Amino acid sequence: AGVACGSGAGDPDRVRIGLLVSLSGIYTSVGEDMRRGFQLYLDTHDGRLGGRDIDLVVADEGDGPATAVPAAQKLLERDRVVALTGLVGGATVDKVQTLTHERRIPLLGANARPEFAPVAGKPRDLSYTWHTSYNSDEPGIAIAAHIKTEVGDGTVYAIGPDYQGGWDELRGFTDTFTTLGGKLANPDGKTVFTPFPATENFLPYLNKAAETRPAAVYTFYAGGPAVAFVKQYRQSALKDVPLYAAGFLTEGSVLDAQGTAATGIRNVLNYSPTLPHAANQQFVAAWSAAGYPGQPTTFAMASYDAAAVLDRALAAVDGPVTGETLNTAIGQVGRIDSPRGDWQFHPTEHRPVQRWYLREVRPDGPVLSNVLLQDLTTLPTT
Amino acid sequence: MRIVHRVEPDQPPSPRSGRDPDHAHGNGMVASGLRHAYGPLTVLDLDTFTIAPGDRHAVIGPNGAGKSTLLGVLAGTIRAQTGQLTYNGHTVTRHGAEWRARAGIGRTFQHPTLWPDLTCLDCVRIGGWHHRRNPDRTPMEVLHLVGLADHAHQRAGSLSHGHRRMLDLAVAIAGQPRILLLDEPAAGLTDTETGHLIDTIHRMPSWIAVVLVEHHMDVVAAVADWITVLHQGRRHTDGPADTVRADPGVAALYLGTGGGHAAHP
Amino acid sequence: MLHIRDLTVAYPHGAPVLHDLTLDLRHPGVHALVGPNGAGKTTLLHTLAGHLHPRAGTIHLDGEDVTGWHPTTAARAAVALAPQGRRLWPSLTVAEHFAATQPTAGRDEAWTVEELLTMFPPLAARMGHRAHQLSGGEQQMLTIARALRTAPRLLLADEPTEGLAPTVADQITTVLQGLPARGVTVLAALPHTDVAATIADTIHVLAAGKLLGHTHTSTAASHLLRRHLTLTDPGDETATPHQ
Amino acid sequence: MHVDTLVITAVDGVAYGLLLAIAAAGLTVAFGAGGVLNLAHGVLIAAGGYIAATTTAGTWASLAAATVLATVAGAAGGAVLAAATAGLRGRGHLDQALLTFGIAMIGGNLLTTIFGSDVLRPRMPAALEGTVMVVGYRYPIDRLAVLAVAVLVAAVGYVVLHRSRAGRLIRATVDDRAMVAGIGVNPRTVDAAVLVTSGALAGLAGALATPILGVGPGTADTTLLLSLIIVVCGGFGSVPGAVTAAIGVGVVQTVGVVTVPTAAPYLLIAAMTVTLVARRPTVPNGAAS
Amino acid sequence: MSAFTQAFAADRTPPLLKWGATIALAAGAVTAVAMSPASYLHTTVARMLPLALLAVSVAVVTGHAGLPTLGQVAPYAVGAYLTARLALTGIDTAAVHLLCAAVGGAVVAGLIGTVLVRYRGTVFLMLSLAVAELTAITAGQWRAVSGGTDGLAGIPAPRLLPGLPPLHGDRMVLLYAATITAAATFVAVWLLRGDRRMLLTAARTNEDRARASGHLVYTYLWMVHTAAGGLAGIAGALLIHTHRWITPADVGFGVAALALLAVVIGGARSLIGAAVGAVIVLIVRDIVAVEVPGHAPLLLGTLFVIGVYLLPGGLTALTTRLRRRLSEGPHSAPPAPANASVRRTS
Ligand SMILES: Nc1ncnc2c1ncn2[C@@H]1O[C@H](COP(=O)(O)OP(=O)(O)OP(=O)(O)O)[C@@H](O)[C@H]1O
Ligand SMILES: Nc1ncnc2c1ncn2[C@@H]1O[C@H](COP(=O)(O)OP(=O)(O)OP(=O)(O)O)[C@@H](O)[C@H]1O
Ligand SMILES: [Mg+2]
Ligand SMILES: [Mg+2]
């Protein structure tokens, strides 16, 4: 295996970065957002990061590792990028991580972060793995206490999609919620998982859930199923029961498709376009100025932050940029002034220590928006 | 199971031993209580039907009388709804067509299609596959017998209709049957070929039983010594060939003084 | 009516099956085509119906050049083929066969379904059966009935009596004989020269893809064939006398 | 589970099944009756859905326009397929599958390029967005509307496929093209008519189903798979069969998944397997008689 | 007379020449890739070979048994997860993996086959689709074995023999995978020639007639299905050896469909064609399409469409056509067998 050394031929000031996101398949919408986020940072910084010209090589992750790994291989070995960022799916991160690690190239994920399974009995070495996003169970952990206070002695019905992402998101909530003394409305105390991505008809599930007379419902869906879920929720017997969710349920374009049916959904995320920070206002303004549709999402924001991290790390690298030097520099970037508010990398887990926000879907001017209600907590707690 | 007899080509058909069910019980095939229906339509309803070695037995009857169905039931292609079949003293009612073919019940089809992609020679080899180590006749000899030697390397799919029928016969013969069920072997054959077919049947070893379904009465006359007339799935008449052919009832039903095709309920 | 000149026909990737065939049919009348199996009878009928395209030669129907026409065009010109073998639509019932087949536009010589069913009583009792559930003979009846239903003016019948019980076969031959009176020309491939002689005005003898000549008696036809066979016994196929 | 919930869920199963029946209608015509294994069916539905989602504006007129436009676009897509598959006659289902799958991939990619990768949903007139009470439970009006359209489509489909000459010619063309030509009907015309009709139905289905399910990059695959299951389980080209199968799928996907939630991922496929296995094995090249 | 018969029973083209040419071509292609300095190419090509072998297995069932299948991913999955589990528990000898995978794949295909081979055509296709879906769902649900929907990663590299170092270098993995793929393919081709091929043609093209001649059609088809399962199992082991990770999607409908389409491109009855077809499909997807991100489906779709039109009958038919054209050049066409039949009827 060739170890990538240096970047583009000749010019030592040019740095090649790989952006691997879904540009085809069912995650395209997230992938496009992430590309826009990264591109926006570049465009607002003259195409330079850390004073160096950037060659951004974009590759298509497709639906999962089968297409993502060959693309990553190409970025690493043919294009010899010095850092790899993007990555929509958890499974992709899990597989690509071994490749980047072997080649000592920093992997700067900007979306899903799976629970890295141990390799040959040993925990995965994450020294070259970073994320500007979050762990999948964090939204649930962050909102559990709030929901407990809201429902008091009432029960909460938990429902989600049947795959790793759904399992993690819902586990985060249910574990924390029950630890806090909360009770699930689900008959056997276990979350209901709906076949993914097959299920688009949630009415039977919702009508059945209504029988348990929950005080609230907690859920996580994203993309197409999120639209169907919200629409059908408002048509079901649960119509008037408060709906709480991980923020992806109403994040981005799905909110337009859901329309008024989404009004009033309270959800948790590490970002809201209505955050008052200057960095955010700048970001949102740039987003509109660039002609991108709608409001920026957490996906775009995390990818924007990935660029910011690289910006600061590259500025700190002295001399030739290699995977090793860049990785060391990433470890020392310190606080990032981000649209989501300040955050910094957790020293061992390499993911943001960041604030989580409670948001509610409300009309914000002519459009619906995830309007900030309050801060919830900072995770991970160290 | 496999008994290899040498061919005695020039021997004429054995003189009839009469209807001899006992003989058939030991060495041939006995069907009893056969009944088969498609919905309300009974297409076969026969109390007994026996085939003894050496039989030259013709089954005739109007179109739709159930002749092909009978052959299908005997060969195992169709499983009759009720009824019992014994062969060489064993009950074979539940045995499939493959098993029966291996046990020596060969057949041809009313609509021969064979294996269109294979050459005639290969078709015959497949027909005789289970005797390939110790064949009575080589595949080429079988093709000679039916007059298709010139077509040995032609694809079966490109044969003319008549030749296909001869090839079907060849495939059946190659399986070295002890009972040979022929479904209208002369249909579509021209005068010369019909003569050839009759010859071929005559030259079969005398211990082979031949059951022949045929509409050409001259072929029946030349081959059969016993005729069963089927009508609406039931036995209308049966008896020695000459008697049956002279029977005015049969003539009325079948040979042409009208009204043979009464509709079934 | 039908004039065939120097017709040569081959199957795809094959050597010619019909060689330089020339044939004229009077209108209307019954014409028989006899010859050994594999002679090319089916090939000729299929060529006339447009299912095979000749390599050389011409076909004229009523003065119009119809060489290599499409089967649909042929059918619309009231040329019907009653093919050999099962060329029915297995998934359609008998009734649906009749419903799908309509008389050619502009022909009033149509056979009504009732007429056809009287001709073939077994079919009347099987109207709800799918074609693949019919007995061999019943299928043959339906094949002919379908061809007649199109109200042809040229009927190409390929061994029309195959698999039919003698009573029905007689009936078919009677029908064929009666067709010229209704303005229909019949060209039928018939395996037996004696049958051909009883119903046909002319018997065209075909062997090895060549026309040996035409006659109107069974003995003459048989004689032609026998002569051909002796002449072309292994190795010699040049001598093909034309009458 | 309470009995009345089961009732409303069963009703929903039927309604959802009928929605699927509309989606499968085009494939019933093309594959079931016309014998063309059209794997681009899902893409035509998605195209219809995208068109509906981008042309509706919450008024009845725009809804009508969207429906017509989607149907016409579907028919045009069907015409393209007809032209593409015309050269493939007699080469079997696998070649058709390869071609239409390729076209589906190209079409799907073009759709995301044109309409973007977001999940879209048409804006319906307010009257359709609400709910009505059915046996004491809330039930969406849009689904009831779809139910009505589905019954209409099924009725027309039944008459055309099973009672008209056209339906017979379609099946006859699958059985023996040459003999269809032999009765004066050009089999190519039949092929083209089949695919154009099938495409129109797919476009219509897209317009009708998207208000309920939305349309996005995954729509084509999901609808194709469900339609295939329905057409095959329903017994190829039989409208009553397809409707029954669709309702079966609908009920399995509603009543089944909530009564035995642990088996939910397997239920649909298992139901299909049982249906197919229960059917008597048929040997296609029946040479026996 | 019987010698005469046998002479014609065999293939009429000199087999040694044909085989030699094919083997030389395959070896040449692999060597060319292995000699190139780009390790990127080595890994990428090595990763195509499991699917190529899966396609061979599909071609056996589809082309020779006449049963278009999407279900071969079931034995493929069994081979893969067996291998992965063995490797994760410390049993890392490649030969053991291959053997277990082959046996496991054959057993599973055998079990599935008892039901499936009773069906034909589209019903069989849909049942096999059900098998593919069930395989992927089970792989996603059975977390203890499969690691859930995200799958397994970091599976240790195999050792060729106990005591040897693990198979690590990209070039080595490529050579190993190519050897196994080629060997398995050639064994399959070898087993499916001559009389076996003829019997399967008979069973496939007219089942009733074959039965009436005493052929146990179900048994033949079941045996082919089972043996192909063994082949798919080996392909599964190879998947782990070349990828060292697996997700349920790798054994699902998508892969099954790709393998089946590769078979169609290759020409249904040609096993080598199927392998080449799979490699072509993956070259387009994994090498060409990464140059135009987001348009992989467009390119693949175009490949399929072009494949249908330019290669009727698949790659194999193309080579036959070329050969015919070449041989027709100087000599006159060989006498068609039909000639004799036209002239002489006895
Ligand atoms: N599909 C085909 N491909 C190649 N050759 C064929 C094909 N069909 C028929 N032939 C050849 O053409 C010749 C004439 O066949 P044709 O079917 O016309 O004969 P026929 O006179 O109708 O015979 P029969 O009385 O047996 O039906 C035969 O030698 C046959 O081998
Ligand atoms: N699968 C089926 N379903 C319904 N009816 C059937 C089926 N197969 C055969 N029949 C009917 O059974 C009757 C007997 O058919 P069979 O084929 O045995 O007749 P046959 O005596 O061979 O007639 P032919 O002389 O015309 O060949 C026919 O009337 C036919 O319509
Ligand atoms: Mg019969
Ligand atoms: Mg003929």
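Remember, it's a predicted structure, so these values are computed and weren't measured experimentally. Note on naming: letters A, B, ... go to the chains in the order of the sequence lines (proteins, then strands), and numbering restarts at 1 for each one.
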Do you know which of His216(B), His161(B), Glu184(B), Lys67(B) has the most heavy-atom pairs under 4.5 Å to chain C?
His161(B)
Closest approach of Gly64(B) to Ser135(C) (non-hydrogen atoms, all atoms of both residues):
N-OG, 3.4 Å
Would His129(C) and Leu41(B) satisfy side chain to side chain contact (heavy atoms under 4.5 Å, CB included), going step by step from the backbone distance to the final call?
CA-CA 11 Å; His129(C) 279 52; Leu41(B) 180 74; 3.5 Å; yes
Would you say Met166(B) and Asn37(C) make side-chain contact, with heavy atoms under 4.5 Å?
no
Establish, from distance only, whether the side-chain atoms of Glu162(C) and His215(B) form a donor-acceptor pair under 3.5 Å.
no
Heavy-atom nearest pair, Pro62(B) first then Ala165(C), reads CA-CB, 4.0 Å
Interface moiety of Leu189(B) toward chain C, non-hydrogen atoms closer than 4.5 Å
both
If you define the side chain from C-beta out and look only at heavy atoms, does anything of Pro166(C) sit under 4.5 Å from Tyr254(B)?
yes
For Arg164(B), is it the side chain, the backbone, both or neither that has a heavy atom under 4.5 Å from a heavy atom of chain C?
neither
Which atom names give the shortest non-hydrogen contact between Gly163(C) and Ala187(B), and what distance separates them?
N-CB, 4.2 Å
Below 4.5 Å, heavy atoms only, C-beta onward: do Asn63(B) and Leu164(C) meet side chain to side chain?
yes
Gap between atom CD of Gln110(B) and atom CD of Gln139(C) - 0.5 Å precision
8.0 Å
How long is the straight-line distance from CD of Gln84(C) back to OG of Ser160(B), given to the nearest 0.5 Å?
7.5 Å
Honestly, the part of Thr42(C) sitting under 4.5 Å from a heavy atom of chain B is neither
Does the side chain of His192(C) come under 3.5 Å of the side chain of Asp191(B) through a donor N or O and an acceptor N or O?
yes
